[in-house]
Structure formats: C-alpha cells, structure tokens
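Note sheet for the following structure.
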Amino acid sequence: MRAQALPTAVDSKRYLALSGGVGGAKLAAGLAQALPAESLVVAVNIGDDFEHLGLTICPDLDTVLYTLAGVVHPQQGWGRADESFGVLEELRRLDGDSWFSLGDRDIALHLLRRQLLAQGLSLSQVSAELAHRLGVTVTVLPVSDQPVRTTVHTDQGSLAFQDYFVRLRCEPVLRGLEFKGAAQARLAPALRELLASPELAGVIICPSNPYLSLAPMLAITELRESLRALRAPVLAVSPIVAGDAIKGPTAKIMRELGVQPHAGVIAELYADFVDAVIIDEADAELAGTDSRFVVAPTVMQTLDQKTTLARHCIALAEKLRS
Ligand code: FO1
C-alpha cells in the first residue's frame with residue numbers, strides 16, 4: 001500500500017511592521033510586494049489622530065491604507081491622488097476651519113469611518129472594513145483601539161499634534177512630548193494575538209519618525225514589554241541617512257531635543273528590544289561601530305526600491321532566526 005502523501009507544509013510565518021505615516025507606508029508597500037497578504041500585519045501609530053469638524057481623523061492609518069490601495073497622492077505621500085477640494089473651498093468661504101487640508105474623496109472615507117464608529121465598531125474593526133472597501137488585503141490595524149494623543153510641548157506652549165505639525169508647520173521649538181492615553185491603552189486584540197503567536201517570524205520597525213510616530217506606539221507598556229520579551233527578531237530601519245531625515249522634521253526635532261541626528265541613534269532609542277538596525281549605504285562607515293548595524297539601500301522612491309528594502313528586512317529576519 002502506498003503511503004499517503006503528506007500535505008504540503010503551509011508556510012504560516014507572519015511579519016509585523018510597525019509604521020507611522022509616509023516613510024513607514026513606503027516600506028509597508030514594499031513588504032506587501034515581497035510577502036503574501038496573509039503574512040503581513042501593519043500596526044499603525046494613532047498619536048496623530050484627532051477630532052476635526054466632527055470627524056475622527058487618523059492620518060497615519062489612512063496614509064498606510066491609501067498607499068497599499070495604490071491611491072495615495074504620489075508627491076505628498078498622504079491624502080488621495082486625483083483629489084478635489086470642493087468642501088474645503090466652501091468651508092473657507094463660510095469662514096469654517098480650513099487649515100487642515102481634507103479633500104472630497106478623503107472626506108467620504110471619514111464620513112464612512114464616522115458612521116462605523118457610531119455603530120459601535122472598534123477602530124480596529126473600522127480599519128479592517130475600510131481596508132476591505134479600498135481593496136487592501138494586507139491586515140492594517142491601529143496599535144490600540146483606545147485613543148493615544150500626542151501633545152507637543154514647545155516654546156509656544158503645549159500644542160495638540162496636528163496644531164504643531166500642520167497648522168504651525170513644526171516651526172515651534174520642541175521641548176518635550178507627551179502621549180496622552182498611552183498609560184491606559186491596551187494593544188489592539190489582533191496585535192496582542194500576533195505578538196504571542198509562534199507564527200510571528202519578525203518585527204520590522206519602519207523608517208518612521210522615532211519621536212513623533214514610533215514613540216507614541218512604544219509608550220504603550222504592553223507593546224514595549226512584548227518586544228523586549230519576544231523570541232522572534234526585531235529589526236529597525238533607520239530614517240536618518242547621512243545625518244539628515246529623508247523627509248519630514250526628524251532631524252530638526254532631534255537637534256531641538258539635543259540629540260545629534262545620525263543613523264546610529266535608532267540603535268540607542270530601541271536598545272532594549274532591537275536585534276538589528278538597517279542603515280543606509282551612505283552611513284556604511286558606522287557599520288563597524290555596532291554589531292547590530294546592517295547596511296542596505298534604504299532610500300525608497302520607486303516600488304522596486306521599496307520591495308528591495310523589504311526583501312533585505314525579510315532576509316535579515318530569517319538570518320537572525322537561524
Ligand atoms: N499634512 C500637512 O502638512 N497638511 C495638511 O493639510 C494635511 C492634511 C491631511 C489630511 C488627511 C490626512 O490623512 C493627512 C493629512 N496631512 C496633512 C498629513 C498628516 O497630518 C501628517 O503627515 C501626519 O500626521 C504625520 O505622520
């Protein structure tokens with residue numbers, strides 16, 4: 001009698017990416033190319049979220065969703081491509097709040113989010129529903145279903161995050177950051193489950209702003225402690241290249257906090273849980289200074305570059321696991 005053929009082993013490895021907005025979404029897009037959809041979970045910062053015009057705005061979640069759906073504004077990296085601003089123009093005419101640039105298509109998504117939240121769905125459930133409706137098959141979820149809101153302490157007083165970031169264009173000098181709600185926040189249920197799962201093959205910390213995007217996530221005790229205790233490798237991609245940020249105010253913020261912007265700083269900030277830090281080829285001379293540094297091309301403009309960096313991350317996680 002012939003032995004029954006064994007079923008083909010199903011590769012059930014899963015990767016977790018921790019992401020802020022634009023920079024993180026780029027690597028998430030590369031990971032979505034390099035991995036099957038069921039093998040990737042992207043957990044996103046909610047510190048930038050706020051209530052505006054009666055809507056719950058989740059800029060980083062939407063940036064990741066729009067990027068993965070292929071509908072993000074290609075130059076801005078946030079908001080929708082092919083957008084119109086009829087509502088905003090009318091708001092301006094009526095002397096309403098128009099400093100935060102919400103396009104018409106974007107407002108439609110926000111109305112839907114409002115409706116689903118009002119029906120009692122959690123932010124994770126709403127995000128899953130929005131992902132589905134946008135045709136995104138990768139799992140995208142907020143780091144928590146409870147609010148965490150970033151307050152920026154500056155030389156002009158304490159400011160809500162978007163007041164500082166968008167209305168004042170990061171001009172005030174930063175003195176400190178506070179993540180309101182982080183002490184009480186629990187991880188989103190699917191994230192907690194993944195962090196405890198033997199299927200977790202690695203955690204990839206995307207090249208998002210470590211102070212504005214990743215710190216609010218890591219301020220949730222449950223996340224930081226899970227990463228510290230994790231058996232699967234944790235690796236981070238440095239957002240600093242040749243002493244400057246690829247995009248956004250990371251380098252300015254670091255200088256204001258008295259930190260010299262260099263790629264290696266990420267290894268110090270995440271020292272208690274990170275196993276490897278990918279730094280750019282432009283910073284290759286740092287490689288010898290810390291055994292955790294690994295050099296790879298980290299500048300992502302094209303989809304090919306995003307996918308190449310994603311493959312480097314996956315290969316590194318595999319190497320660290322073996
Ligand atoms: N960024 C801006 O610089 N100006 C805006 O008016 C603006 C509007 C906006 C609307 C929806 C959205 O999802 C994002 C938006 N962003 C805007 C980007 C966003 O506020 C920041 O990039 C993130 O919060 C930082 O990660």
Side-chain angles (χ1 to χ4, degrees), residues 6-20 24 27-28 30-46 64 124 138-145 148 182-183 185-208 210 213-239 263-279 287 290-296 298 309-322:
L6 285 171
T8 318
V10 176
D11 185 0
S12 53
K13 286 204 281 284
R14 290 197 291 161
Y15 286 88
L16 169 65
L18 301 181
S19 175
L27 183 55
L31 289 163
Q33 292 291 312
L35 292 166
E38 62 278 12
S39 299
L40 177 61
V41 174
V42 187
V44 182
N45 172 43
I46 52 170
V64 172
S124 296
V138 161
T139 301
V140 177
L141 44 82
V143 65
S144 174
D145 283 333
V148 173
R186 304 296 319 277
L187 291 181
L191 177 57
R192 178 179 308 119
E193 217 173 277
L194 178 60
L195 283 164
S197 165
E199 289 181 359
L200 184 61
V203 177
I204 297 159
I205 303 187
C206 293
S208 296
S213 302
L214 287 155
M217 302 174 83
L218 295 166
I220 301 173
T221 315
E222 212 188 337
L223 180 59
R224 195 151 199 140
E225 283 180 354
S226 304
L227 293 178
R228 280 187 193 139
L230 210 64
R231 292 192 59 183
V234 180
L235 55 103
V237 178
S238 177
V265 100
I266 301 303
E268 291 157 29
L269 287 171
Y270 307 152
D272 51 328
F273 56 79
V274 84
D275 298 298
V277 177
I278 297 188
I279 57 173
D290 187 322
S291 60
R292 290 171 302 170
F293 291 146
V294 176
V295 178
T298 66
L309 180 56
R311 294 213 165 102
H312 274 289
C313 293
I314 296 161
L316 180 57
E318 275 171 9
K319 191 173 150 204
L320 290 166
R321 274 203 316 277
S322 63

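What's counted below: heavy atoms across the whole structure, side chains too, no hydrogens, waters or symmetry copies. This one's a predicted model, so the numbers in the text were calculated from it and none came from an experiment. Throughout, numbering of the chain's residues begins at 1 and tracks the sequence.
Counting heavy atoms from C-beta on, the side chains of L16 and L191 come closer than 4.5 Å. Annotation: side chain of L218 is in contact with side chain of L227 (closest heavy-atom distance under 4.5 Å). When side chains are defined from C-beta on, V143 does not count as touching V148, because their heavy atoms never get closer than 4.5 Å. The closest side-chain heavy-atom distance from L320 to V234 is not below 4.5 Å.
The two residues P142 and I46 make their nearest non-hydrogen contact at CB-CG2, 3.6 Å. Here the shortest heavy-atom pairing between V274 and A267 reads CG1-O, 4.4 Å. Of all the heavy atoms in A188 and L141, the pair that sits closest is CB-CD1, 4.4 Å. Taking both residues in full, the closest heavy atoms of I220 and A185 are given as CG2-O, 3.5 Å, listed atom of the first, atom of the second, then distance. A pairwise comparison of heavy atoms in G20 and V64 identifies O-CG2, 3.7 Å as the closest pair. Here the closest non-hydrogen pair linking D145 and P189 is OD2-CD, 3.5 Å.
Within the structure, side-chain hydrogen bond (donor to acceptor under 3.5 Å, both in side chains) contacts touching residues 312-321 (residues at least two apart or in different chains) are Y15-R321. Counting only residues at least two apart or on different chains, the salt bridge (Lys or Arg N to Asp or Glu O under 4.0 Å) pairs with a member in residues 195-206 are R14-E199. For residues 221-239, every residue pair satisfying the side-chain hydrogen bond (donor to acceptor under 3.5 Å, both in side chains) rule, not counting sequence neighbours, is listed here: R186-E222, R192-E222, R224-D272, R228-D272.
Considering CG of L235 and CD1 of I205, their distance stands at 8.0 Å, rounded to 0.5 Å. Taking CG of L195 as the reference point, atom CG of L187 lies at 6.5 Å (rounded to 0.5 Å). Summarising the geometry, atom CG belonging to L31 is positioned 8.0 Å from atom CG belonging to L309; distances are rounded to the nearest 0.5 Å.
Among residues two or more places apart in sequence or in another chain, the side-chain contact (heavy atoms from CB on, under 4.5 Å) test is passed with E38 by P36. When the ring-ring contact (aromatic ring centres under 6.0 Å, His included) test is applied to Y270, the partners found at least two apart in sequence or on another chain are F273. Residues that satisfy the side-chain contact (heavy atoms from CB on, under 4.5 Å) test with P207, not counting sequence neighbours, are L27, V237, P239, M300. By the side chain to side chain donor-acceptor pair (under 3.5 Å) test, S208 is found to be paired with no residue, residues two or more places apart in sequence or in another chain being considered. Not counting sequence neighbours, the partners of A232 by the side-chain contact (heavy atoms from CB on, under 4.5 Å) test are L200, L230. A32 meets the side-chain contact (heavy atoms from CB on, under 4.5 Å) test with L40, L68, V138; sequence neighbours excluded.
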